[in-house]
Amino acid sequence: MKVNREMKRLYVGGLSQNISEADLQNQFSRFGEVLDVEIITRKDDQGNPQKVFAYINISVAEADLKKCMSVLNKTKWKGGTLQIQLAKENFLHRRIQIIKT
């Protein structure tokens with residue numbers, strides 16, 4: 001039986017400052033194919049990191065997405081507490097899709 005996978009964009013908040021793309025790739029790849037990881041660090045006026053979060057594009061079946069969110073959301077990992085939500089599609093990705101059609 002073939003599983004229907006869709007590309008989803010996840011917001012992952014509550015990350016520690018020393019998190020890497022490889023860490024996120026490894027953590028999320030057990031639920032689907034991680035296509036892209038973008039880590040964003042927001043800094044205060046003095047340049048000190050305040051908030052670290054990421055966007056992950058993942059090709060995933062609906063059941064695996066639900067499992068991912070229930071297993072990982074609000075769990076402690078590498079010094080942070082994960083907050084996982086579905087994110088809006090990346091503007092550039094959406095624009096590329098429009099141009100292709």
Side-chain angles (χ1 to χ4, degrees):
M1 184 171 114
K2 185 172 177 176
V3 177
N4 187 18
R5 291 181 167 212
E6 292 184 40
M7 202 286 283
K8 298 290 185 180
R9 183 171 166 88
L10 301 177
Y11 164 86
V12 183
L15 299 173
S16 64
Q17 295 174 20
N18 58 355
I19 202 74
S20 72
E21 288 183 17
D23 291 333
L24 290 166
Q25 176 100 25
N26 290 336
Q27 183 74 318
F28 285 83
S29 64
R30 58 189 167 141
F31 300 101
E33 181 186 355
V34 176
L35 306 171
D36 182 48
V37 176
E38 178 185 6
I39 297 173
I40 299 168
T41 303
R42 293 274 162 89
K43 298 182 179 180
D44 64 16
D45 295 338
Q46 287 77 39
N48 301 313
Q50 284 195 312
K51 182 177 181 182
V52 180
F53 59 95
Y55 290 106
I56 297 175
N57 291 323
I58 186 170
S59 176
V60 64
E62 190 67 30
D64 290 331
L65 176 63
K66 287 179 182 177
K67 184 177 177 183
C68 171
M69 294 182 84
S70 68
V71 168
L72 296 180
N73 193 34
K74 298 183 181 174
T75 59
K76 296 205 179 294
W77 183 60
K78 294 192 176 272
T81 301
L82 298 180
Q83 302 161 8
I84 303 171
Q85 302 172 357
L86 278 176
K88 291 181 182 175
E89 189 177 10
N90 181 314
F91 171 77
L92 291 177
H93 179 74
R94 188 170 63 236
R95 186 171 169 104
I96 289 169
Q97 296 294 65
I98 292 169
I99 291 170
K100 285 182 178 178
T101 58

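Starting from 1, each residue takes its place in the sequence as its number.
Transitive grouping of hydrophobic side chains (ILVMFWY, heavy atoms separated by less than 4.5 Å) brings Val60 and Leu82 into a common cluster. At a threshold of 4.5 Å between side-chain heavy atoms, the hydrophobic network of Ile, Leu, Val, Met, Phe, Trp and Tyr places Leu35 and Leu72 in two separate groups. Clustering ILVMFWY residues whenever any of their side-chain heavy atoms sit less than 4.5 angstrom apart, transitively, puts Ile84 in the very cluster that holds Trp77. Hydrophobic cluster membership differs between Tyr11 and Val52, with clusters built from Ile, Leu, Val, Met, Phe, Trp and Tyr side chains linked at under 4.5 angstrom.
The structure places CD1 of Ile39 at 7.0 Å from CG of Leu15, a figure rounded to the nearest 0.5 Å. Here the CD atom belonging to Gln50 is positioned 11.5 Å from the NZ atom belonging to Lys43, to the nearest 0.5 angstrom. Atom-to-atom distance recorded for Arg9:CZ and Ile58:CD1 is 13.0 Å, nearest 0.5 angstrom. Atoms CD and CG, on Gln85 and Leu10 in that order, are 10.0 Å from each other to the nearest 0.5 Å. Rounding to the nearest 0.5 angstrom, the gap separating the CD1 atom in Ile56 from the CG atom in Asp36 is 9.5 Å. Lys8 contributes atom NZ, which lies 12.5 Å from atom CG of Asp64 (distance to the nearest 0.5 angstrom).
Here the shortest heavy-atom pairing between Met69 and Leu86 reads CE-N, 3.9 Å. When all heavy atoms are compared, the tightest approach of Val71 to Arg30 is CG1-NH2, 4.5 Å. Closest heavy-atom contact between Lys78 and Asn18: O-OD1, 4.2 Å. When every heavy atom of Asn73 is checked against every heavy atom of Gln83, the shortest pair comes out as OD1-CA, 3.4 Å. The heavy-atom pair separating Ser16 from Gly80 by the smallest distance is CB-N, 4.5 Å.
Residues forming a ring pair (Phe, Tyr, Trp, His ring centres under 6.0 Å) with Phe31 (at least two apart in sequence, or on another chain): none.
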Determine, step by step, whether Thr41 and Gln17 satisfy the side-chain contact (heavy atoms from CB on, under 4.5 Å) criterion, reporting the C-alpha distance in whole Å, the side-chain angles of both residues, the deciding distance to 0.1 Å, and the verdict.
CA-CA 8 Å; Thr41 303; Gln17 295 174 20; 5.9 Å; no
Hey, mind stepping through Leu24 and Ile19 against side-chain contact (heavy atoms from CB on, under 4.5 Å) and telling me if it holds?
CA-CA 8 Å; Leu24 290 166; Ile19 202 74; 4.2 Å; yes
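Formation of a donor-acceptor pair under 3.5 Å by the Ser59 side chain with backbone atoms of Glu33 is not found in this model.
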